[in-house]
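Residue numbers begin at 1 in each chain, while the letters A, B, ... track the order of the sequences. The model shown is predicted, which means the values in this text are computed figures rather than measured ones. These values consider heavy atoms only, across backbone and side chains, with no hydrogens, waters or symmetry-generated copies.
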Protein chains: 2
Amino acid sequence: MSLKPAAVKAAPGKPVTIMDVAKRAGVSKGLVSFALNDRPGVSPESRERILAAARELGWTPSLRARSLSTKRSFALGLVVGRTPEMLGADPFFPSFIAGVESVLAPEGRALVLSVVPDEEAELRTYRSLVADGRVDGVFLSDLRHNDPRIPLLMELGLPAVTLGRPEGLSPTEQNPSGRSPFPAVSIDDTLGITESVQYLAGLGHRRIAHVAGSASMLHGSRRRIAFDDAVRAAGLAECQTIETDFSIGAGAAATRRLLSQDEPPSAIVFANDPMAIAGLGVAHELGLTIPGDLSITGFDDINFARYVYPPLTTVRTTPAQWGQAAARTLLALMEHGSAPDLDLPAARLTVRGSAGAPVRSASGAASVAGSEPSR
Amino acid sequence: MSLKPAAVKAAPGKPVTIMDVAKRAGVSKGLVSFALNDRPGVSPESRERILAAARELGWTPSLRARSLSTKRSFALGLVVGRTPEMLGADPFFPSFIAGVESVLAPEGRALVLSVVPDEEAELRTYRSLVADGRVDGVFLSDLRHNDPRIPLLMELGLPAVTLGRPEGLSPTEQNPSGRSPFPAVSIDDTLGITESVQYLAGLGHRRIAHVAGSASMLHGSRRRIAFDDAVRAAGLAECQTIETDFSIGAGAAATRRLLSQDEPPSAIVFANDPMAIAGLGVAHELGLTIPGDLSITGFDDINFARYVYPPLTTVRTTPAQWGQAAARTLLALMEHGSAPDLDLPAARLTVRGSAGAPVRSASGAASVAGSEPSR
DNA sequence: TCGCAAGCCTGAACCGGTTTAGAGCTCTCA
DNA sequence: TGAGAGCTCTAAACCGGTTCAGGCTTGCGA
């Protein structure tokens, strides 16, 4: 009885099917299916015989056939609505995807990725993913106010997990409560902003500016609100906020604008690291010393943050863990029909060198023109 | 005759199938299939009637059923063998993927993405993608010497496109010529390195170092050879090369090592931008002025390059266009069974501020303090 | 007028699984 | 002893397309 190992598929002629296994085990193909999906109604002996036959033949059920009869695709989708530049600048997605993959791969699930430039293409993509039955569920990132994707996914009946808790959905006929029906996996990012402001205020900064992300994005406006709250709590005068689109270029432009004012801020809180790094560059270009003349904090703790000069004081997030948690939640949702919301540990401030005590504490900003103030 | 637009699927009950269309058009389902895939043997009238029926019912053929009977998946795969950190630091893949997507989406093809940490997982992933019939072809990036993926893909019979021309395959039984059977889409990256060295030499640099990528990667060793050649052509003494793994951290460490020598280089050519940016940080930290005390060039022209200080002189590559070209080539390969190699325009040097004339031309390292040379 | 080819079309097999109705058997309990 | 329950298992339908063998018309040349 030569038990050939699975690897020996020998004849490249025809792939082995469930029928081959059934014949070899001397049962019907239906029973093979039952055994494989370990469902009740198969005697232990038969089950063993069937599994052995499958092993010997090196048989794996055809995903395609399974897909057709079960109407599932065993794949999850991620649609990223960003321009290539925005995507490239921000390491969030690569890390997030790596986290997702680390959960999906062992489960035999694949990830279908789409990158689309605008909202119209984004919605169209969800529609076609569903129409083609490409995916069984999707990840929803970069939540926006009154996000059109949520009613769309409800309409399409596609399971989803949101990265963060959606808010500001206007109630619709289908969704009178205005609440998202999808589980949310969230990381509190307000604490990091709060800590940043507290830290800066504690160092003696009185004029702190905020280079915010797009207010149409939930995390953009949330961080902005956290900033305002923290500023108020710290008893600082009103502090300036500039809204951007989260892009590097916008971060540079905002920094330039802030620093060219009569009374420039002595510290800037950036809503993400790429903008903070651009801000660092602008400050250097203007001849400012960091953190002497200007303190800078970022958000995300991207890989670069540690290696720019001075190393960026920033808020550390963990996109890979977020990806893992989101993937697990989505799988659970699909398996049990529901899954609880999940809150990951809040993002905390990581202190490095880009923020420090201002050279002159409160009075006025150091003169900007010449690089060296007095000395 | 109410022609309901496709969008009106009304009854969410049962999805429309090819049978519904056949009935409505008064033909057999076989003929519908023929008409849809416009194959000969369908009269113009029938074809028109069938397409109209399909339109009226808003019918799209089921991808799953098509997959089962045609044994195709209408999806392409990309397996990225990088750690999350490496992936996140380098915007190559996001841009590349965006380019790929821009070609795939209109064709109704999807992209299946896998991120794996090591070579073993990488090879396993290709195997399971094929076993599951998830993809009809794959992109092969980050080519290595004697790349094990090439014989594997040949064995699996999976169409592929290589990013760059593979070399150094040892001949095997199946592949006695040792040549890759897959079309290659390449960008000459040696010109950029050559230009970098020429540019630096032209500015008066005599001691130019190279922080190279991993020599096990084809582009790593190719850039290194280009560097050596260019150095020789410029008549410079032997120049130092440090091999790294392309990571930011390694770039920083290499820079530190180079600059701590008795006779440090006056210019460093980095094999990618993340390392160059880290180099910039180290130089600043050591109190060096750039480009007065140290000139730096990078490779790739990532988004950050323009916004660091000083803006990075680097070699511009176009990953998105590479992605487009690779996707088109892969589609052509799958359609016609073969596709020609394609060479994209060579990457060229983009001059910004991070490289300049050394403060003191040849003799020794310049004094570090002042930033303005003479003017 | 017949034979034959070409064009159009149908019916059925097929892809490789899942699922369901029900057959056959054994066991239990009245 | 016989009805009914419970278990194991089979056969066949089904998912929704593609593909192929062959049937029916029609037209043309012999």
- The answer to which of R39(B) and S43(A) contacts DNA chain D further toward the 5' end, by nearest nucleotide, is S43(A)

- Query: Among the nucleotides dT8(D), dG16(D), dC9(C), which one has an atom lying closest to any side-chain atom of S46(B)?
  - Reply: dC9(C)

- Query: Starting at CD1 of I50(A) and ending at C1' of dG17(C), how long is that distance when rounded to a whole Å?
  - Reply: 14 Å

- Message: How long is the straight-line distance from CZ of R149(A) back to CD of E119(A), given to the nearest 0.5 Å?
- Response: 8.0 Å

- Message: Is there a side chain to side chain contact (heavy atoms under 4.5 Å, CB included) between V116(B) and R124(B)? Walk through the geometry before answering.
- Response: CA-CA 10 Å; V116(B) 295; R124(B) 202 172 43 224; over 6 Å; no

- Query: Does R66(A) reach the side chain of R64(B), with side-chain heavy atoms less than 4.5 Å apart?
  - Reply: no

- What does V42(B) touch in the nucleic acid at a heavy-atom separation under 4.0 angstrom: a base, only the sugar-phosphate, or nothing? sugar-phosphate

- Item | Rounded distance (Å) that lies between atom C1' of dT19(D) and atom CZ of R72(B) | 14 Å

- Nearest-nucleotide pick for S28(A), side chain only, options being dG16(C), dC9(D), dT10(D): dT10(D)

- Just call it for V27(A): base, sugar-phosphate, or nothing, with non-hydrogen atoms closer than 4.0 Å on any strand. sugar-phosphate

- Query: In whole angstroms, how far is the C1' atom of dT18(C) from the CG atom of N37(A)?
  - Reply: 8 Å

- Between CG of L31(A) and P of dT18(C) the distance, given in whole Å, is 12 Å

- Of the nucleotides dC8(C), dT19(C), dG16(C), which one has an atom closest to the side chain of P44(B)? dC8(C)

- Message: Categorize S33(A) for me: base, sugar-phosphate, or nothing, with a 4.0 angstrom heavy-atom threshold over every strand shown.
- Response: base

- Item | Side chain of R66(B) - closest among dT8(D), dT10(D), dG17(D) | dG17(D)

- Message: Does dG16(C) have OP1 or OP2 under 4.0 Å away from a side-chain N or O of W59(A)?
- Response: no

- Task: Classify the nucleic acid contact of S67(B) as base, sugar-phosphate or nothing, counting any heavy atom under 4.0 Å across all strands shown.
- Result: nothing

- Separation of F74(B) CZ from L63(B) CG (nearest 0.5 Å): 6.0 Å

- Kindly indicate whether the side chain of K29(A) and the base of dG16(C) share any N or O donor-acceptor pair separated by less than 3.5 Å? no

- Item | Atom pair CG/CG of L158(A) and L140(A) - distance to nearest 0.5 Å | 9.5 Å

